[in-house]
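Chain letters run A, B, ... following the sequence lines, proteins first, then strands; residues in each count from 1.
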Amino acid sequence: AAGLERPQVVSHAQQALNYTLFDCKWVPRSARLLCLGSAARGSGLLQLYELRGGRLALLREIEKAKPLKCGTFGATSLQQRYFATGDFGGNLNIWNLEAPEIPVYSVKGHKEIINSIDGVGGLGIGEGAPEIVTGSRDGTVKVWDPRQKDTPVANMEPVQGESKRDCWTVAFGNAYNQEERVVCAGYDNGDIKLFDLKTMSLRWETNIKNGVCSVEFDRKDVNMNKLVATSLEGKFHVFDMRTQHPTKGFASVSEKAQKSTIWQVRHLPQNRDIFMTSGGAGSLHLWKYEYPAQRSKKDSEGAEMGVAGSLSLLQNVTLSTQPISSLDWSPDKKGLCVCGAFDQTVRVLIVTKLNKV
Amino acid sequence: MPVRLREERWRQTASAVYLSLPVRGLRVTPANIFCTERYLKVSIPPFLFEAILYAPIDDTNSTAKIENGIIFFTLYKKEAAMWDSLTLANANKEKLQYLRENAVLKAHEKAKEEAEAKKVTKQEHKKYVLEATMRLEEAERRRIEDLKEKERQKVTKELELWKKQQEDAEKQKRVQKEGELLPEAEQLKEKKKEKMNNTRIPNEGTCKPRIKATKGCGSYSMFSENLKEEQLPAPRSAATIKINFTSRVFPTALRESRVAEEEEWLCKQAEARRTISADLSELEDLKEEEKNPDWLKDKGNKMFATGNYLAAVNAYNLAVRLNSKLPLLYLNRAACHLKLRNLHKAIEDSSKALELLTPPVPDKENARVKAYVRRGTAFCQLELYTEGLQDYEAALKIDPKNKNIEKDAEKIRHLIQGTTQDT
């Protein structure tokens, strides 16, 4: 049947948890995954699972003082595999999972909860110094270097007197050589801002009317190619980042997929034109982006303007009745992904036939 | 009275009776023939033939053939026996009647039974069809499930394989590690510990040559991945980028607001500032915007700025006529009058403005300070220094940090003391 030729989302294993799960991440170069969240007693929990047969086996459980909201392996080397987390108290900590009692690096980075974290420069991907960026409810976005204690290396904060807006998501991109790097931040009023860390300036901003839940570049370590931003009310936008027009910014295509909030977007590490969005109704949609015939064209004044491509839905599946708040593809096995939902379940899924797409 | 047909002829065998009945010229249809076990009737009005048979026959299998003006009956006997005669003899009227009725009843029952039997068979057929379709669909579904299951198993197997590969690779690494390269590993670990314990590296620090030593060792083939331990750039020099958020008239974010209602509210506000008093006949000459007090106020402000005080006063006058409730108009007109040295008018306008500016809201503080100051100035220029001082002090109460007002208040105090001394 034609339907069976499309990629299928196969449920491989799932585990019911007894705490609220906020984020889940694969440990690079292994079949292990980390789940982090908030226990009922108000403390933070970090659990390490291993995929064995069709089940998840709990290897280790670490409890911390404050509930944990987000984490990343992005800024650590492959040998060390230190995990950076942001918690509800605004603290950024980097943990060595072999010895998790004392963090390797710790700073009270923000006054309020750290909503989102990203890392770049580690894992053998990209060039330049490893850095971590955190976005918080206090409206600031700060970039940290694990070698520098206490102060961030870059701080994007509102002007004095401006009422602050929650920053809901951050992402690194454009890290194709040692100097270049950009940070993209999405806020709850629909603002998306692109900061260039080399020139320490605001490179582009726009407003997509609804709060931005998640932004991600398709690859962190290449010249910025595409950026996907998802928002409330089921809409997401794909921006073509290769051509910036002086007034119109970047070209984009948008899609309204689900009636509910799109919580996360994650690109497949092995193919940057395929990405998965997870929704507030517990569903996952797998998308493919197709490039237009010409990626840029000249407008009436002769300035280069980008042309957005088109999107096609490859597959969708509903796994839960609660929102799927976190999603991560395994960087080692194509099609293997883990998702965590607010029904306190972590699920490991396999997406088949991605080679044929 | 029907006409009886009596020209039948019959012959028999052990098992059957063959009866032929001529019906010259009559159209016979199967409906005209009625036959039960013991009674046979052919009725073609006005003709009638009936026979009470000698012995019962099997009426379901018996046949009647209609042909060329003769009906051939083939009646199969129930019991194989030779009949003495076709019909029963000495059948009296009552018996006949009774037999007839019986026959009819029997026929009815039979018909009913047949109908029932038909219904039952129909139902069974339907059931059968339904079951067959269900079976087919079930088969289809199962087929798809099987395909899916096969996929899953295949994928699971691949995953297990991959996992094993990972584990094997790791084991190998570990073995190698524990083997020859233990001392070097320790060295590396120490160097790393050092790095960690380093406190604040200065912002403009140069690249520390930390990992150069390991490169010299050269035996790190156990790490098959790319060792990115080349020179890492120094931490970035700290900087701050200030940002602004998209402004909105209302403090709530777009998602929490109701755009339509907000627009309505804003429109109404603008409307409220225009007047609907189009009674004034002179106003018909004016253009739309000239009827807008806000626009007129702006015009007045511009003219004040350029020094054209009379024109400014005119603008404000018109604005006041349109909407007499805007304190700012009076305030600005007071300023104009001050410049024009129409001191009494200035006092009047400032007073009106102050009137309109009660209740004392913190928002309007600015305006009230200005009103007090202007009135105070006017009083002083009229040499009514005590009243002027009162106003200045009121202004100071609202805005104690304003140096100018303080200075002026001081001056007035001196002036008052000066005059009281004189007199």
Turns out that what part of A:Leu197 lies under 4.5 Å from chain B's heavy atoms comes down to both
From CD1 (B:Ile241) to CG (A:Leu202), nearest 0.5 Å: 7.0 Å
Residues, nucleotides or ligands: over 12 heavy atoms within 6.0 Å of A:Lys164 NZ: yes
Below 4.5 Å, heavy atoms only, C-beta onward: do A:Glu205 and B:Phe245 meet side chain to side chain? no
Counting only heavy atoms from other residues, nucleotides and ligands, does the tally under 6.0 Å from CD1 of A:Ile102 exceed 12? no
Is the shortest side-chain heavy-atom distance between B:Lys163 and A:Arg52 below 4.5 Å? yes
With chain B, the option among A:Val159, A:Thr140, A:Val143 that has the most non-hydrogen atom pairs under 4.5 Å is A:Val159
Are A:Ile350 and B:Val155 packed together at the side-chain level, in the sense that at least one heavy-atom pair is separated by less than 4.5 angstrom? yes
For A:Glu157, does its backbone N or O pair with a side-chain atom of B:Lys242 as donor and acceptor, under 3.5 Å? no
Got a second to check how far A:Ser30's OG is from B:Glu167's CD, nearest 0.5 Å? 10.0 Å
In terms of heavy-atom proximity below 4.5 Å to chain B, should A:Pro130 be classed as side chain, backbone, both, or neither? side chain
Using every non-hydrogen atom in the two residues, find where B:Trp162 and A:Ala31 come nearest and quote the distance to one decimal. CZ3-CB, 4.0 Å
Do B:Leu159 and A:Lys333 make a side-chain contact, defined as non-hydrogen atoms from C-beta onward lying under 4.5 Å apart? yes
What's the spacing between A:Thr352 OG1 and B:Arg152 CZ if we round to 0.5 Å? 12.0 Å
side-chain hydrogen bond (donor to acceptor under 3.5 Å, both in side chains) partners of B:Lys164, counting only residues at least two apart: none
Examine whether an atom of A:Tyr187 lies under 4.5 Å from a heavy atom of chain B, and if so say whether it belongs to the side chain, the backbone or both; otherwise answer neither. side chain
In the structure I gave you, are the side-chain heavy atoms of A:Phe195 and B:Ile243 within less than 4.5 Å of one another anywhere? yes
Side chain / backbone / both / neither for A:Ser11 at chain B, heavy atoms under 4.5 Å: backbone
Top residue by heavy-atom pair count (under 4.5 Å) with chain B, among A:Met156, A:Glu179, A:Lys142? A:Met156
Count the heavy atoms belonging to other residues, nucleotides or ligands that lie under 6.0 Å from NZ of A:Lys356, then report whether that count exceeds 12. no
Heaviest contributor of heavy-atom pairs below 4.5 Å to chain B, chosen from A:Asp145, A:Val10, A:Asp191, A:Val141, is A:Asp191
Separation of B:Glu151 CD from A:Gln8 CD (nearest 0.5 Å): 6.5 Å
Report the distance from atom CG of B:Asn244 to atom CZ of A:Arg165, rounding to the nearest 0.5 Å. 13.5 Å
Looking at CD of B:Glu160 and CG of A:Leu51, how far apart are the two atoms once the value is rounded to the nearest 0.5 Å? 7.0 Å
Of the backbone (N, CA, C, O) and the side chain (C-beta and beyond), which part of A:Pro152 lies under 4.5 Å from a heavy atom of chain B, both, or neither? backbone
Contact part of A:Lys198 toward chain B, heavy-atom cut-off under 4.5 Å: side chain, backbone, both or neither? backbone
